[in-house]
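Structure, as structure tokens:
Just the heavy atoms: all of them, side chains too, but no hydrogens, waters or symmetry mates, feed the values below.
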Amino acid sequence: MRNTRAARAARTAAAAPPVELTPAQKLAQKRERRAAVHAAHEIRIIGGQWRRSLLPVPDLPGLRPTPDRVRETLFNWLGQDLSGWSVLDAFAGTGVLGFEAASRGATTVQMLERETKLVAGLAASKTRLGAAAVTITQADAMAWMKRAPAQFDLVFLDPPFDANVFEAALAASVHCVVPQGWIYLEASAPFEAASLSERGLELYRHARAGAVHAHLIRKR
């Protein structure tokens with residue numbers, strides 16, 4: 001009998017007309033859908049003066065901003081205050097690593113980006129945040145780093161994964177980082193301490209988050 005009653009109740013519910021939402025409920029649903037879409041296309045700065053500020057994430061192939069959890073680990077390694085530091089964000093993309101550094105007090109942040117659409121987005125974010133310490137240059141990061149003198153305390157390397165230029169990017173970055181300076185590298189596989197030592201580099205920290213291997217490397 002219970003099964004019969006349950007079946008009858010299910011049929012009744014299925015036959016019932018849909019509940020008409022009030023205008024306020026419809027507006028709330030619309031806002032929820034919009035927020036979900038925006039959440040998938042924005043990333044937030046997690047520390048410093050612009051904490052919780054959102055940066056747009058354009059829908060472009062290969063664009064994969066460093067997620068919150070990995071950045072939190074990175075800046076725990078580096079220390080939260082980067083006052084006085086000179087920073088290079090070599091494959092800037094959304095600029096989240098560079099803006100994060102500027103938010104935490106870096107004196108100068110040089111961003112390099114090749115894609116015109118991303119360069120325009122970086123410029124818009126710089127203006128919106130009032131990020132006077134940030135300079136944006138449209139350039140090929142590898143060629144730019146090879147020509148630059150050793151001037152940066154910290155270099156961010158987060159090249160497109162499908163390009164498989166991790167080795168080349170690391171080699172190029174060594175030219176422009178000062179002795180005892182830092183290189184942060186995201187790659188699809190771990191870099192061994194022994195191979196880094198042969199290049200005059202020291203593996204300071206390593207962590208894995210899904211398919212990403214995050215390395216903090218020091219130049220001797």
Side-chain angles (χ1 to χ4, degrees), residues 43-48 50 55 62-113 122 133-137 141-142 144-146 148 150-161 163-193 195-197 199-220:
I43 192 164
R44 67 190 177 105
I45 296 171
I46 61 172
W50 302 317
L55 301 174
L63 186 62
R64 182 197 48 79
T66 303
D68 293 10
R69 183 164 58 92
V70 177
R71 276 180 288 124
E72 183 175 6
T73 297
L74 168 61
F75 285 98
N76 283 338
W77 290 343
L78 290 169
Q80 303 298 324
D81 185 1
L82 302 189
S83 295
W85 289 42
S86 179
V87 178
L88 172 64
D89 190 354
F91 301 86
T94 64
V96 69
L97 288 172
F99 284 122
E100 192 82 58
S103 180
R104 296 165 188 264
T107 302
T108 62
V109 178
Q110 171 68 63
M111 294 186 181
L112 305 177
E113 178 51 55
L122 292 170
V134 173
T135 301
I136 301 160
T137 302
M142 223 85 72
W144 194 97
M145 287 190 288
K146 289 176 182 177
Q151 58 185 305
F152 296 105
D153 302 296
L154 170 63
V155 176
F156 293 126
L157 300 175
D158 183 15
F161 266 37
N164 195 24
V165 295
F166 309 113
E167 292 272 1
L170 181 60
S173 71
V174 175
H175 293 277
C176 58
V177 67
V178 299
Q180 302 305 307
W182 301 98
I183 301 168
Y184 171 70
L185 171 65
E186 291 188 15
S188 58
F191 276 65
E192 300 298 331
S195 67
L196 292 172
S197 181
R199 313 176 201 204
L201 302 172
E202 177 186 0
L203 181 61
Y204 181 73
R205 291 284 189 274
H206 169 261
R208 181 175 182 180
V212 176
H213 289 265
H215 309 76
L216 185 59
I217 299 163
R218 192 159 205 174
K219 180 180 177 180
R220 292 185 188 139

Grab the two heavy atoms, one from [X] and one from [Y], that are nearest each other, plus how far apart they are.
X: A169; Y: L157; answer: O-CD1, 3.7 Å
X: C176; Y: L88; answer: SG-CD2, 3.8 Å
X: F152; Y: V155; answer: CB-CG2, 4.0 Å
X: A187; Y: H215; answer: CB-CE1, 4.2 Å
X: V87; Y: A106; answer: CG2-CB, 3.9 Å
X: A90; Y: A141; answer: O-CB, 3.0 Å

Flag side-chain contact, heavy atom, 4.5 Å: [X] against [Y]:
X: F161; Y: F166; value: yes
X: L82; Y: D153; value: no
X: R199; Y: I217; value: no
X: V134; Y: M111; value: yes
X: F99; Y: L122; value: yes

- Note on the structure: So side-chain hydrogen bond (donor to acceptor under 3.5 Å, both in side chains) across residues 171-184, not counting sequence neighbours, yields Y184-E186
- Message: So, taking the atom named CG in L78 and the one named OG1 in T73, what distance separates them when rounded to the nearest 0.5 Å?
- Response: 11.0 Å
- Item | Interatomic distance, R64 atom CZ to T94 atom OG1 [nearest 0.5 angstrom] | 10.5 Å
- Answer yes or no: is there a donor N or O on one side and an acceptor on the other, between the side chain of T108 and the main chain of S86, under 3.5 Å? no
- Query: Residues in side chain to side chain contact (heavy atoms under 4.5 Å, CB included) with Q80, at least two apart?
  - Reply: F75, N76, R104
- What pairs with T135 under side chain to side chain contact (heavy atoms under 4.5 Å, CB included), at least two apart in sequence or on another chain? Q110, T137
- Audit row: T66, V212, side chain to side chain contact (heavy atoms under 4.5 Å, CB included) steps and yes/no: CA-CA 9 Å; T66 303; V212 176; over 6 Å; no
Return a table of donor-acceptor pairs under 3.5 angstrom between the side chains of residues 200-209 and protein atoms on other chains or two or more places apart.
residue, atom, partner, partner atom, Å
H206, NE2, H213, ND1, 3.0
R208, NE, G210, O, 2.8

- Of I183, L185, D89, which is the lone residue that meets side chain to side chain contact (heavy atoms under 4.5 Å, CB included) with F156? D89
- Qualifying residues under ring-ring contact (aromatic ring centres under 6.0 Å, His included), relative to F91, sequence neighbours excluded: none
- Item | Inter- and intrachain pairs under salt bridge (Lys or Arg N to Asp or Glu O under 4.0 Å), touching residues 70-80, at least two apart | D68-R71, R71-E100
